[in-house]
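Step one of this worksheet: look at the structure below.
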Amino acid sequence: MNLTEIPTDRLLAGFRGLLLEKGVVTEAALRQSDETMQAASPARGAEVVARAWTDEGFRARLLADGTRAVEEMGIFLIGAPPLGVVENDAALHHLIVCTLCSCYPRALLGYPPHWYKSAAFRARAVRDPRGLLREEWGTELPAGTRLRVVDSTADYRWMVLPRRPSGTEGWDAARLAGLIRDTDLIGVTIPTA
Amino acid sequence: MSRFAPGDAVRVRDSWPEAEGPVHIRTPHYLRGREGVVLRPLGQFPNPEDLAFGRPAPSIPLYHVRFAQDSIWPENQPGDEFLVEIYEHWLEAA
């Protein structure tokens with residue numbers, strides 16, 4: 001039998017049934033994992049960032065342990081690699097790439113943009129990161145800001161906590177979350193008000 | 001338990017096991033043989049080099065290691081950095 005010729009829904013049902021039968025996974029774990037992936041989106045990441053911008057204690061907990069902190073918001077990254085969060089400030093800007101493959105905090109943000117997996121993005125993010133930011137996204141870092149390229153190679157999944165834009169004093173978390181795009185969460189762009 | 005501490009100078013092993021046969025490696029080419037500084041330990045994880053082949057995979061220490069970009073590509077801006085997860089068995093004291 002050639003497995004590639006079986007309709008994919010039948011193949012999936014068979015594979016799923018075997019995993020359950022052999023006790024590799026449980027129904028509950030599969031359901032939980034499915035719910036996590038259905039809920040994952042850049043909008044969720046934006047909510048996490050907006051909360052960090054408006055709640056100093058949460059910000060500290062998020063930087064210390066991303067996976068545990070987002071549980072406070074009802075986001076459970078069960079079965080996913082640990083979420084690490086790196087913070088941008090006036091002195092340091094982070095850009096996330098996975099030069100080896102396409103590691104991305106999918107359990108929180110959903111599937112990565114298609115270009116994130118391209119060889120061109122992955123190579124240039126380390127070989128010419130400032131040129132990449134300037135020419136592909138129009139992102140110019142303020143003078144005196146160092147660029148730290150985080151190559152996500154192993155067992156963490158990294159997200160950027162951008163700087164809160166000026167001109168947003170007094171905004172609530174929901175309004176702030178509306179400013180944040182998926183590209184801000186990996187540092188190829190910088191949110192503005 | 002962990003061999004290296006934050007601030008330790010380290011060198012990534014200049015090792016190319018992919019030339020010997022099928023492997024699964026999480027250490028990028030551009031860092032082999034390069035010197036960096038440990039930013040912090042990231043905990044212990046089952047060795048992906050074994051996991052990928054279904055072998056028993058002991059947990060090993062993982063570190064966040066910082067490298068000066070211009071020590072690898074001189075055209076890159078001085079002061080800019082790479083921050084990369086590297087497993088302990090790929091690191092030696094520099």
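Chain identifiers are assigned alphabetically (A, B, ...) following the order of the sequence lines, protein sequences preceding nucleic acid strands; residue numbering begins at 1 within each chain. Just so you know, these numbers come straight off a predicted model, no measurement behind them.
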With rounding to the nearest 0.5 angstrom, report the SG to CD distance, A:Cys98 to B:Glu85.
9.0 Å

What part of A:Val126 lies closer than 4.5 angstrom to a heavy atom of chain B: side chain, backbone, both or neither?
both

Going only through I, L, V, M, F, W and Y residues with side-chain contacts under 4.5 Å, is there a path from A:Leu92 to B:Val37?
no

Under 4.5 Å from any heavy atom of chain A - which part of B:Phe67:
neither

Linking I/L/V/M/F/W/Y whenever any side-chain heavy atoms sit under 4.5 Å apart, do B:Leu39 and B:Phe4 land together?
yes

Proximal component of B:Leu42, with respect to chain A [non-hydrogen, under 4.5 Å]
both

Should A:Trp137 and A:Leu95 be counted in the same cluster of Ile, Leu, Val, Met, Phe, Trp and Tyr side chains packed under 4.5 Å apart?
yes

Is there a side-chain contact between A:Pro129 and B:Gln69 (heavy atoms, below 4.5 Å)?
yes

With side-chain contact (heavy atoms from CB on, under 4.5 Å) as the test, would you mind laying out the steps for B:Gln77 and A:Arg146 before giving the verdict?
CA-CA 9 Å; B:Gln77 183 151 317; A:Arg146 281 180 301 133; over 6 Å; no

Within 6.0 Å of CZ in B:Phe53, more than 12 heavy atoms from elsewhere:
yes

So, for A:Ala154 and B:Arg26, which heavy atoms are closest and what is the spacing to 0.1 Å?
O-NH1, 3.4 Å

Are the side chains of B:Arg66 and A:Arg148 in touch, meaning some heavy atoms are under 4.5 Å apart?
yes

Part of B:His29 within contact of chain A (heavy atom distance under 4.5 Å):
neither

Ignoring hydrogens and geometry, is there a side-chain-to-backbone donor-acceptor pair from A:Thr153 to B:Thr27 under 3.5 Å?
no

So, the side chain of B:Glu81 versus the backbone of A:Leu147: is there a donor-acceptor pair under 3.5 Å, distance only?
no

Below 4.0 angstrom, N of the basic side chain to O of the carboxylate: do A:Arg130 and B:Asp80 qualify?
yes

Measuring heavy-atom distances to chain A, does B:Leu51 have an atom under 4.5 Å in its side chain, in its backbone, in both, or in neither?
neither

Kindly check if the number of other-residue, nucleotide or ligand heavy atoms within 6.0 Å of CZ (A:Arg16) is above 12?
no

Let me know if A:Leu100 has heavy atoms under 4.5 Å from chain B in its side chain, its backbone, both or neither.
side chain

How would you list, by chain and number, every residue that makes a side chain to side chain donor-acceptor pair (under 3.5 Å) with A:Asp182, sequence neighbours excluded?
none

Verify same cluster id: A:Trp115, A:Met159 (apolar side-chain graph, 4.5 Å):
yes

Can you spot which of A:Val150, A:Asp151, A:Thr99, A:Val149 makes a side chain to side chain contact (heavy atoms under 4.5 Å, CB included) with B:Val84?
A:Asp151

Can you say whether B:Leu31 sits under 4.5 Å from chain A via the side chain, the backbone, both, or neither, judging by heavy atoms?
neither

Does one hydrophobic cluster hold both A:Phe76 and A:Val25, with members joined at side-chain heavy-atom distances below 4.5 Å?
no

Other residues, nucleotides and ligands only: do more than 12 of their heavy atoms fall within 6.0 Å of CZ on B:Arg55?
yes

Can you classify the ring geometry of A:Tyr156 versus B:Phe45 as parallel (below 30°), tilted (30 to 60°) or perpendicular (above 60°)?
perpendicular

